[in-house]
Structures are given as structure tokens and as C-alpha cells.
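Read through the structure below, which is laid out as C-alpha cells, and then see the notes.
Chain A is the first sequence line, chain B the second, and so forth, proteins listed ahead of strands; every chain is numbered from 1. A quick note: this is a predicted structure, and the numbers were derived from the prediction, not measured. Atoms considered below: every heavy atom in the structure, side chains included; atoms not considered: hydrogens, waters and symmetry mates.
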2 protein chains.
Amino acid sequence: MYKRYSKQRTLILEIVKSTHSHPSADWIYNKARKIMTKISRGTVYRNLNQLAENGEINVIKDGDVMKYDGNILRHDHLLCTKCDSVYDINILPKDLDKKVQRLINFDVKQISLTIEGICQNH
Amino acid sequence: MYKRYSKQRTLILEIVKSTHSHPSADWIYNKARKIMTKISRGTVYRNLNQLAENGEINVIKDGDVMKYDGNILRHDHLLCTKCDSVYDINILPKDLDKKVQRLINFDVKQISLTIEGICQNH
DNA sequence: TAACAAATAGGAATCATTCCTGTTTATAAT
DNA sequence: ATTATAAACAGGAATGATTCCTATTTGTTA
Ligand SMILES: [Mn+2]
Ligand SMILES: [Mn+2]
Ligand SMILES: [Zn+2]
Ligand SMILES: [Zn+2]
């Protein structure tokens, strides 16, 4: 079995990596259409899932909508419940994963800290 | 304006408070039907949202499905990505909210730490 | 007991995401 | 370069959790 690099996947990865705005699949889809007019929603979702599984991007669960993050360095998030904006922040120490793994009997894959509240725009 | 206590809301709150299993709306709905056969899904969702807004229960965003937590004391969660189980754990200090609020310019409402991985059942 | 706003039941609508299928395309072997 | 083939795609249908709608019921106050 071999791995194929489609133009679509390359474009989707570039789009996610090119912003700090933690975009939704729909935002990414619309951005992609401007460059590749015939790209389909299904392709965007399939590739986002694949890139996430592959560890090339991160997923943020924002209620009913998923958001994607091109920054795969450990960091935390502020989530505004009024405008749904997501901001980066660093609260937890970088090595918390290993510390926690020593404490508990659970195969830790990812630790995510989300701070919900109201941002300065309101 | 006055507040009404329907039997439905009382039952739903009791059900959420009676378990440590972090149930979904559907699980709660089915449990409720056994006692109040004609209760509707809409009623379950409406009351869960209301109870959450009111601070009587907590909501956990688990991808596409919401889960509900009768324990409103600050605590953290282990989430198994294989069986979707949610376990309670205490990692963050109780007073982190205030510490963080002092550090950042953001009106902090809630801080949630979720540790994803694989639980002992696998 | 009467008046009325709050809440409900039941079902339709929404909407993000996944699934399906016939077609296209990137890669490896010839 | 040509060919074989599995990977990936486009387009659209299906899914499923949640919300919305409305006629009816019910809890509370006076
Ligand atoms: Mn981020
Ligand atoms: Mn809990
Ligand atoms: Zn905001
Ligand atoms: Zn598990």
C-alpha cells in the first residue's frame, strides 16, 4: 500500500496551517473553493480527519462544531461563548502529559485545557 | 414572572444527579421514560439546557454528543476515545479560576481540563 | 375558581458530518 | 512512456443529535 498526495490534501493542510483563527470545516471549504473551485465538502472533511489522525493538525471540540488548529505544539485555548472565537494561551506546563501519565492508570494521548468565558470584544 | 417546577424537570434533575456515568441526553430520556412514559425528547433537551444555564448541572462536550454531569464541584475528566467513557479525576487546583482570571484579560466562566486516551477496559 | 404565562408532547426542521458510488488520478511496475 | 490499480475525488443522499414549532396542558397567583 502506498500513500498518495493529492492536490486537495496539500491545499487543505496549507489553509489550516496558514491561519491562527482555528477555523471550522466550512470556513476551510470556502477558502479552498476559491483556489480549487470543484473541491467537495466530503473531500474537506475526509482530509481534515485524516490529517488529524496523522497528527499533522489538531481538532478542537467546540460544542456542535469542530474547529481545526494548524499549531500542533502543546497549548491551551480561550473560548468566547459569545462570538465563538478561539484564542491561544499557555497555562499548563509542556511536560504535563508525562507527569499525569505517571499518576494515573490510563493511556494518555492528549491533554486539553479550555477556558470558557467572554472575550474583550464585548 | 414566576418559576414553575414541573414534574418533568424534577425527574430529569434527579436522574442526572443519581449517576456518576456522565450520561447523554438520550440515555437520560430513556431512563425518564421508564418512570414518566409520555415524556418527550424536546422536554429532556429543554430542561437539560435550562438546568445547565442555571448551574445545577454541568455539560461536557464530547465531540458530536453532549454529556451531562450532576457533580458541579470543580473537577477534571478522563475521556476514553475507544468506549467514550468519562471518568472523574482531580488534577487542577480548586482555585485555578481566580489565578487565571488575574493573569489574563478575559472574563473567565469555566475552566475544563480533559485528558483523552484509552482506559483500562481495553 | 379564574386567569394566564410557563411548560409539555409530538413531530417537523435544521445542520454538521458521514456515507455511497461512479469517475478520476497518483504511484509503481513493466 | 504505458499500463494496472488502489487511493482519492465529486456530488449528492443519508444520518443523527439537537432545536424549533404549535396546539394543549398545567402550576402559580390573586
Ligand atoms: Mn490553538
Ligand atoms: Mn464529572
Ligand atoms: Zn467574543
Ligand atoms: Zn474505554
For this session: Classify the nucleic acid contact of A/Asp26 as base, sugar-phosphate or nothing, counting any heavy atom under 4.0 Å across all strands shown.
Result: nothing
Exercise. Going by atom types only, do A/Asp88 and A/His77 share a side-chain donor-acceptor pair under 3.5 Å?
Worked result: yes
Seminar exercise, completed: Which of D/dG27, D/dA7, C/dT17 is nearest the side chain of B/Arg4? It is D/dG27
Exercise. Do the side-chain N or O atoms of B/Arg41 get closer than 4.0 angstrom to the phosphate oxygens (OP1, OP2) of D/dA17?
Worked result: no
For this session: Establish, with yes or no, whether the OP1 or OP2 oxygen of C/dT18 is under 4.0 angstrom from a side-chain nitrogen or oxygen of A/Tyr45.
Result: no
Exercise. Does a nitrogen or oxygen in the side chain of B/Thr43 sit under 4.0 Å from OP1 or OP2 of C/dA9?
Worked result: yes
Exercise. Would you call the rings of A/His22 and A/His75 parallel, tilted or perpendicular if under 30° counts as parallel and over 60° as perpendicular?
Worked result: tilted
For this session: Report the residue (B/Ser6 or B/Met66) whose heavy-atom-nearest nucleotide on DNA chain D is the more 5′ of the two.
Result: B/Met66
For this session: Check whether any side-chain N or O of A/Gln8 sits under 4.0 Å from OP1 or OP2 of C/dT25, and answer yes or no.
Result: no
Exercise. Hey, does the side chain of A/Asn47 come within less than 4.0 Å of D/dA8's phosphate (OP1/OP2), counting only N and O?
Worked result: no
Exercise. Is it true that B/Lys82 and B/Glu116 have a side-chain N and a carboxylate O under 4.0 angstrom from each other?
Worked result: no
Exercise. Can a salt bridge be assigned to the pair A/Asp76 and A/Arg74 using a cut-off of 4.0 Å between side-chain N and carboxylate O?
Worked result: yes
Exercise. Between D/dA10 and A/Ser40, is there an OP1 or OP2 to side-chain N/O distance shorter than 4.0 Å?
Worked result: yes
Exercise. Are B/Lys38 and C/dG10 close enough that a side-chain N or O sits under 4.0 Å from OP1 or OP2?
Worked result: yes
